S.K.: 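Got a structure for you, questions after.
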Amino acid sequence: MKSYYVRTFGCQMNKHDSERIAGLLETSGYVASHAIETADVVVFNTCCVRETADERLYGQVSSLKAIKTGGRPDVLIAVGGCVGQRDGEAVRKQVPHVDVVFGTHNIHELPALLDAARSGRAAISVLPEGTSFASDLPSARVDRWHGWVSITVGCDNHCTYCIVPTVRGPERSRPLDDIVSEVEHLVADGVVEVTLLGQNVNSYGRDIYGSPRFSELLHAVAATGIARIRFATSHPKDISPATIEALATLPAVMPFLHLPVQHGSNSILRAMNRRYTREQYLERIRDIRASVPGIALSTDIIVGFPGETDEDFEQTLDLVRTVAFDHAFTFIYSPREGTPAARLTKTVPRDVAQERFDRLATLVRDLSYASNQREVGMVRPVLVEGSSRRDLATLSARTPHNRLVHIPLPEGVRALDLAGRLLAARIVVAHPWFLSGELTEDAC
Ligand code: 5AD
Ligand code: SF4
């Protein structure tokens, strides 16, 4: 039997797609390999949202050449995902030892492309747009207790810095019944948490039903009996009062919202084509906090967008301080060829962007630490994810607010056996990026 290994770069959608790639390969007779060096087929599921992920991919694919020239010429290397979609044939020009290239719309073709490559036929296929959903393919889940469920693919927003609409295509929603039936199957299979995925979940359904139906979808998914529901990503201009109400009233919908603001200055928000102002964003946050007291908020922020002045950047710092996010992902702007912003000429010098980035990162760390400190002494229901990556004697678990808690593994128990269990934990120490806790006798 041939073995496979999938290396994933980038976002949660890619993690979802990688589980489908694995599921598809397993139904085609491949078995999972635990090491890239011993696999017969290596699949790179790629990301091109920022330059760093792009460069890392080409570095890693190049370094695999040694496996082929070092005695295993039959190993097949496949590049799929966003770089495959964007570069197609050109992937092979950069790294000729790649055997298969596929895109974001044709994951289902991978087994046939591997067969073609093995028999020396052309194995590059990228479709301009999608007709099927990767979610309809079989899945080999990484965690038996968690399911990624895609509800939309693509994006219609065209933020000027973003390559996603180019590589993932226009927004398409999956029928509500298909999603609910997938979650029902997951529940029957022992899954306790699902993450509903889309570039802009709040506009879910607009293309097939004429108006967004995300809040309805949340209600329908909650009715399956799943214990925890998370979702990403929300666009501030589209999050509706009905969705906020679902967050407030459905116990299974976790009290956590990732709401990317991207910038704090109105002129940069306009240049980014975000279609809201800082005032509107802050008003949304006020509404959400009024309806869901104590909700945890995270965001994405870009520093160094073309034309960003010191004043603009101060506006970002001010907004971050005003909201006091519990967490934020911060990025230095990287121009992506083919996006409107890549043509802008008033670029911010690298050292200036780096200095701003460092200031923002310090603020984000301080806010995250302060938010974690407020948790000390609380007893929270935590979902055990498994052992911590650094220490097998420590459990990793998540609170409803998505905070990571490290808990000493009780004696005589395996972390693996506790994965997927909901337990009660008392928070004892706060750290900037995680909490330390202990299991309590309390029921959760
Ligand atoms: N440069 C920097 N960050 C970017 N993002 C998307 N495109 C770019 C880019 N060209 C960030 C945004 C988005 C997150 C997933 O990546 O903040 O929300
Ligand atoms: Fe990119 Fe904007 Fe769509 Fe998010 S909403 S994927 S940032 S275009």
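Note that the numbering runs from 1 along the sequence shown for the chain. Indexing begins at 1, ligand by ligand and atom by atom, following the structure's order. Source: prediction; values computed, not measured. Computation of the quantities below employed the complete heavy-atom set of this structure, encompassing side-chain atoms and omitting hydrogens, waters and symmetry-equivalent molecules.
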S.K.: Can you tell me if Cys159 has an N, O or S atom under 2.8 Å away from atom 1 (Fe) of ligand 2?
M.R.: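 No.
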S.K.: Hey, which atoms in ligand 2 end up nearer than 4.0 Å to a heavy atom of His158?
M.R.: 8 (S)
S.K.: Give the atom numbers and elements of ligand 1 that come within less than 4.0 Å of a heavy atom of Tyr333.
M.R.: 1 (N), 2 (C)
S.K.: Considering non-hydrogen atoms of the protein only, which is the closest contact for atom 4 (Fe) of ligand 2, and what is the distance?
M.R.: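 Of the protein heavy atoms, Gln199 O, 4.4 Å lies nearest.
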S.K.: For Arg168, is the nearest heavy atom under 4.0 Å from an atom of ligand 2?
M.R.: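 False for this residue.
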S.K.: Strictly under 6.0 Å, is that where the ring centroids of His235 and Tyr276 end up?
M.R.: yes
S.K.: Just heavy atoms, cut-off under 4.0 Å: does Val49 contact ligand 1 by side chain, backbone, both, or neither?
M.R.: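 Both backbone and side chain of Val49 come within 4.0 Å of ligand 1.
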S.K.: Between Asp312 and Thr309, do the side chains contain a donor N or O and an acceptor N or O under 3.5 Å apart?
M.R.: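 Thr309 vs Asp312: donor-acceptor pair found between side chains.
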S.K.: Under 6.0 Å between ring centres, would you say that holds for Phe214 and Phe231?
M.R.: yes
S.K.: Taking 4.0 Å as the limit for heavy-atom contacts, which would you say applies to Pro165 with ligand 2: side chain only, backbone only, both, or neither?
M.R.: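 For Pro165, the contact with ligand 2 is made by the side chain alone.
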S.K.: Is the contact between Arg275 and ligand 2 made by the side chain, the backbone, both, or neither, using heavy atoms and a 4.0 Å cut-off?
M.R.: neither
S.K.: Enumerate the atoms of ligand 2 whose separation from the nearest heavy atom of Tyr161 is less than 4.0 angstrom.
M.R.: 7 (S)
S.K.: Have a look at Ala341, Ser334, Cys47 and point out the one with the heavy atom closest to atom 1 (N) of ligand 1.
M.R.: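 Checking each option, the heavy atom nearest atom 1 (N) of ligand 1 is found in Ser334.
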S.K.: For ligand 1, which atoms have a heavy atom of Ile302 less than 4.0 angstrom away?
M.R.: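 Checking each atom against Ile302, I get 3 (N), 4 (C), 5 (N), 12 (C), 17 (O).
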S.K.: In plain terms, say whether Glu337 and Arg86 are close enough for a salt bridge, that is, a side-chain N and a carboxylate O under 4.0 Å apart.
M.R.: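 Between Arg86 and Glu337 there is no salt bridge, as every charged N stays at least 4.0 Å from the carboxylate O atoms.
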S.K.: With heavy-atom distances below 4.5 Å as the criterion, would you say the side chains of Gln262 and Cys159 are in contact?
M.R.: no
S.K.: Can you tell me which portion of Phe331 lies within the under-4.0 Å heavy-atom range of ligand 1? Options are side chain, backbone, both, or neither.
M.R.: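 Looking at Phe331 and ligand 1, just side chain atoms fall under 4.0 Å.
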S.K.: Using a strict cut-off of 4.0 Å, indicate which atoms of ligand 2 neighbour a heavy atom of Cys155.
M.R.: 3 (Fe), 5 (S), 6 (S), 8 (S)
S.K.: For atom 15 (C) of ligand 1, what is the closest protein heavy atom, and at what distance to 0.1 Å?
M.R.: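 Going by distance alone, atom 15 (C) of ligand 1 is nearest to Asp300 OD2, 3.8 Å.
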S.K.: Using a 4.0 Å cutoff against the non-hydrogen atoms of Asn157, which atoms of ligand 2 qualify?
M.R.: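 Those qualifying, in numeric order: 5 (S).
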S.K.: Note the single closest protein heavy atom to atom 7 (N) of ligand 1, along with its residue, its atom name and the distance in Å.
M.R.: Tyr161 CD1, 3.3 Å
S.K.: Can a side-chain donor-acceptor contact be found between His258 and Ser234 if the only test is distance below 3.5 angstrom?
M.R.: no
S.K.: So, Arg356 and Glu314, do they make that salt bridge, N to O below 4.0 Å?
M.R.: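 Result for this pair is no, no salt bridge flagged.
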S.K.: Between the side chains of His263 and Gln315, does any donor sit under 3.5 Å from an acceptor?
M.R.: no
S.K.: Kindly say whether the aromatic ring centers of Phe434 and His406 come within a distance under 6.0 Å.
M.R.: yes
S.K.: Which residue owns the protein heavy atom closest to atom 17 (O) of ligand 1, what's the atom, and how far is it?
M.R.: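 So the nearest neighbour among protein heavy atoms is Gln262 OE1, 2.6 Å.
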S.K.: For atom 5 (N) of ligand 1, grab the closest protein heavy atom and report residue, atom and distance to one decimal in Å.
M.R.: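 The protein heavy atom lying closest is Arg50 NH1, 3.8 Å.
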S.K.: Of all the atoms in ligand 1, which lie at a distance below 4.0 Å from a heavy atom belonging to Arg336?
M.R.: 10 (N)
S.K.: Any ion pair linking Asp318 and Arg278 (charged N to carboxylate O, less than 4.0 Å)?
M.R.: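 Judged by the 4.0 Å cut-off on N to carboxylate O distance, Arg278 and Asp318 do form a salt bridge.
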S.K.: Between Asp326 and Arg403 (salt bridge meaning N to carboxylate O under 4.0 Å), is one present in this structure?
M.R.: yes
S.K.: Distance to 0.1 Å, residue and atom name: give those for the protein heavy atom nearest to atom 1 (Fe) of ligand 2.
M.R.: Cys162 SG, 2.3 Å
S.K.: Test Thr243 against Ser240 for side-chain hydrogen bond (donor to acceptor under 3.5 Å, both in side chains), laying out the working first.
M.R.: CA-CA 5 Å; Thr243 296; Ser240 67; 3.1 Å; yes
S.K.: So is Ile332 touching ligand 1 or not, going by heavy atoms under 4.0 Å?
M.R.: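 Distance cut 4.0 Å: Ile332 passes for ligand 1.
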S.K.: Under 6.0 Å between the ring centres of Trp148 and His146?
M.R.: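 Close enough - the centres of the two rings lie under 6.0 Å apart.
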